[in-house]
Structure formats: C-alpha cells, structure tokens
There are 2 protein chains.
Amino acid sequence: MSEAPGGAGEGSFNPYSRACPSRRFLKFLGDLWTVLVIGALYEAGSPQRFTEISLRVDGISTKMLTNTLRALERDGLVLRHQYAEMPPRVTYELSPMGQDLANVLRDVEGWATGHMQDVLDARESYDVAHGE
Amino acid sequence: MSEAPGGAGEGSFNPYSRACPSRRFLKFLGDLWTVLVIGALYEAGSPQRFTEISLRVDGISTKMLTNTLRALERDGLVLRHQYAEMPPRVTYELSPMGQDLANVLRDVEGWATGHMQDVLDARESYDVAHGE
DNA sequence: CTGTATCCAGGGGGATACTG
DNA sequence: CAGTATCCCCCTGGATACAG
C-alpha cells in the first residue's frame, strides 16, 4: 500500500509524473478561462448562448471562448446544442460530469475570493519586510 | 440582493471582472506548478527542502520552483525556514492558510485523476464522431 | 545545497477581419 | 449570431551557467 506523492494507487493517474496525461488535464482544469467558463455555466443554471457566456466572462476573446468550449465539449464536460434556425442559435450547458466538476472548482473560486484580502495583506507585509 | 456572475456580494471580489485582483490570484492558484508544489508539501506532511520538493514534483525546473515558492511565501501560503548551516539548509511548509487551500486543491487533483479515464474515453468518442 | 541571472525558442492568446 | 482564420507580439518557462 505504498503511495506516490499524489496518493494515487497502482493503475491510477498521477499528475506528479510529467508523463501522466492527468498532468496536462489538471493544467487544463486550472486554466483561468476553463474555470470561469464552467463557473459561468454553473451560475447561469440554464443553457447559455455563445454571446451570453462571453458577457459573463469579462474580457474573454472569441478565440479563447471557442477553444475552451471546444475542449470542454471534447472532454465530455459540456454539452453543445445547435438549432437549425436563422440566425443560428447554439447553446452550451454542463454535462452531469461537468456539474460535478463545477462544484469542485466553485470551492476553489470561493476560496480565492474568500481569502483574497488576507493574501493582499500578506503581500503588503512581505513587501515591507523585504524592501518593496 | 442582485448577484454578479461570480455570486459575490458588494464589497467582495469577483474574478469574472477582468479588473478584480482575484482573477490574477485565481489564475495563480490554478497554475500547474502551484497546485503540484502545494500538493507535494501537503502530502509530505513535514517541512521539505528545496531539492526534496523538486523530486516530488517531477520535471519542475529550479527557476519555476523558486518562482512558485517565492510567490506562495509572499502570499502567506508557505512558510520558509532558513538555517545558518554549511551547506545551507532551507525548508518549506504550508502555513495554516496554505493547508486550508491544500484541502481545496486536493479535491481538484482528486477529481482530475478520478475522472481521467472518463475524459479519455470521451475524447476518443468525440474524435471518432468528428473525424479524428 | 539553494538558489540567481541570462539567454532564447515556442506557444499562448489578443486583436482584427471575415464567413455561413 | 456563432464562430473561423491570421497575424504577431509578448511572455512563459526550460536550459544553462554561475554564485553564496
């Protein structure tokens, strides 16, 4: 019952090894746009259109929104619905697995905003102690 | 009681706004090296030396390990201890706030490794359906 | 051992223009 | 509206050499 640094058992994935696919995946999950897009879809609670998402995620470019949504869809985290209308209408929503992930990422987001002030203070102390 | 996309109340931080400092912080927290270094320190359970950390986090360069540790220390998430010895000895450990964060990030890591296979399968299905 | 300093290639990602 | 296609700059981050 020896454990790798990641605590993964045998036959599992371990992001602490550079060759493991979970490392790249973890990197993707941590990507700012990934986190915010998933969070936006989660917050919305209903299928969102391309433009709606871009409005919720301030500053995201069409390129990155496209890339992010495409990757999320490919990974089975987001469901894409296309309607044969004119003008075209496309919506995105979290898959069950995506919603599960959203809950995890939401904790990270909550932790970040919840401790932001502490961190800001810590930085100030550090900068003062280390000569700006 | 209106809510921003991030669900943050007034006076709080909201990473969905590009100007909010929490966005940059969230980006830092999601960074691969940040996640793995914190995870490594958490797993270790005791203060770790520079070299020990680099061994746990496969593939990290001295530059990035230094940068990451420095940033974590500045943010009050990691405590650095320096001993006046020869050869020099320095150890790092999570601060109480850092340990709190570690628990959150650990869930993300666990989610990633726990769903890696599902994602791998989803990708294969997607690629087949969309012509490789 | 624990970093720091520099160089530099590669890729991420913004801005912009254009299409079905 | 929902993207796609390019250009292209910048900045990340690896490699390397060196210092305390």
Side-chain angles (χ1 to χ4, degrees), chain A residues 15 17-19 23-37 40-41 44 46-74 78-93 126 130-131, chain B residues 15 17-19 23-37 40-41 44 46-74 78-93 126 130-131:
Chain A
S17 300
R18 74 173 112 189
R23 172 174 287 198
R24 181 179 291 270
F25 183 50
L26 190 58
K27 180 173 182 175
F28 171 65
L29 291 187
D31 180 79
L32 181 65
W33 299 134
T34 301
V35 174
L36 295 182
V37 165
L41 289 176
S46 64
Q48 297 287 297
R49 304 183 64 162
F50 189 87
T51 305
E52 290 176 319
I53 301 173
S54 70
L55 290 177
R56 283 176 176 271
V57 183
D58 181 40
I60 192 170
S61 65
T62 70
K63 178 181 177 178
M64 290 315 293
L65 181 52
T66 299
N67 285 356
T68 304
L69 286 172
R70 210 60 84 219
L72 288 171
E73 186 195 0
R74 188 168 102 103
V78 157
L79 269 21
R80 192 183 113 114
H81 306 283
Q82 189 169 192
Y83 301 89
E85 299 176 0
M86 200 56 189
R89 181 159 155 264
V90 179
T91 62
Y92 297 89
E93 66 177 331
Y126 182 94
H130 294 75
Chain B
S17 299
R18 74 173 112 187
R23 173 174 288 199
R24 180 179 291 271
F25 183 50
L26 189 57
K27 180 174 182 174
F28 171 65
L29 292 187
D31 179 80
L32 181 64
W33 298 133
T34 301
V35 174
L36 295 183
V37 166
L41 289 176
S46 64
Q48 298 287 297
R49 305 182 63 162
F50 188 87
T51 304
E52 290 176 321
I53 301 173
S54 71
L55 289 177
R56 283 176 176 271
V57 182
D58 181 40
I60 193 171
S61 63
T62 70
K63 178 181 178 178
M64 290 316 293
L65 181 52
T66 299
N67 285 355
T68 304
L69 286 172
R70 212 57 87 220
L72 288 171
E73 186 194 0
R74 187 168 101 105
V78 157
L79 270 19
R80 193 184 113 113
H81 307 283
Q82 190 169 191
Y83 302 89
E85 299 177 1
M86 201 56 189
R89 180 160 155 262
V90 178
T91 62
Y92 297 89
E93 67 177 330
Y126 182 93
H130 295 73

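Quick caveat, the model's predicted, so the values are computed rather than measured. Here is the naming used below: chain letters follow the sequence lines, and residue numbers restart at 1 for every chain.
Closest-nucleotide positions on DNA chain C for Pro88(A) and Leu69(B) were compared, and the one nearer the 5' end corresponds to Leu69(B). Summary of the strand contacts: Thr66(A) and Trp33(B) both lie near DNA chain D, and taking for each the nucleotide with the nearest heavy atom, the more 5' one is attributed to Thr66(A). Each of Thr62(A) and Thr62(B) lies near DNA chain D, and the nucleotide nearest Thr62(A) is the one positioned closer to the 5' end.
Side-chain proximity of Arg70(B) to dC1(D), dG14(D), dT4(C): nearest is dT4(C). Here dC1(C) is the nucleotide among dG13(D), dC1(C), dT4(C) with the atom lying nearest to any side-chain atom of Thr51(B). Counting only heavy atoms from C-beta on, Phe50(A) has its side chain closest to dA2(D) among dC1(D), dA2(D), dG14(D).
Between the C1' atom of dA2(D) and the CD atom of Gln82(A) lies a distance of 9 Å, rounded to the nearest Å. Rounded to an integer number of Å, the gap from CG of Leu65(B) to C1' of dG3(C) is 10 Å. Remark: P of dG13(D) and CG of Asn67(B) are 9 Å apart, rounded to the nearest angstrom. Remark: P of dG11(C) and NZ of Lys27(A) are 11 Å apart, rounded to the nearest angstrom. If you measure from atom CD of Glu52(A) to atom P of dA2(D), you get 8 Å, rounded to the nearest angstrom. As rounded to whole Å, 14 Å separates atom P of dG12(C) from atom CG of Leu32(B). One interatomic measurement links the two molecules: CE of Met64(B) to C1' of dT6(C), which rounds to 16 Å at whole-angstrom precision. Rounded to an integer number of Å, the gap from CZ of Arg23(A) to P of dG13(D) is 13 Å.
Leu29(A) and Val35(A) get closest at one heavy-atom pair: O-CG2, 3.2 Å.
Contact check for Arg70(A) versus Asn67(A): no side-chain heavy atoms found under the 4.5 Å cut-off. Counting heavy atoms from C-beta on, the side chains of Met86(B) and Pro88(B) come closer than 4.5 Å.
For dC1(C), the OP1/OP2 oxygens have no side-chain nitrogen or oxygen of Arg49(B) closer than 4.0 Å. Of the side-chain N and O atoms in Arg80(B), none sit less than 4.0 angstrom from OP1 or OP2 of dT2(C). In terms of phosphate contacts, Tyr92(A) brings no side-chain nitrogen or oxygen within less than 4.0 Å of OP1 or OP2 of dC1(D).
A tilted orientation is assigned to the rings of Tyr83(A) and His81(A), their planes being inclined by 30° to 60°.
At distances below 3.5 Å, not a single donor-acceptor pair connects side-chain atoms of Thr34(A) with backbone N or O atoms of Gly30(A).
Counting any heavy atom pair closer than 4.0 Å across all strands shown, Tyr83(B) reaches no nucleic acid atom.
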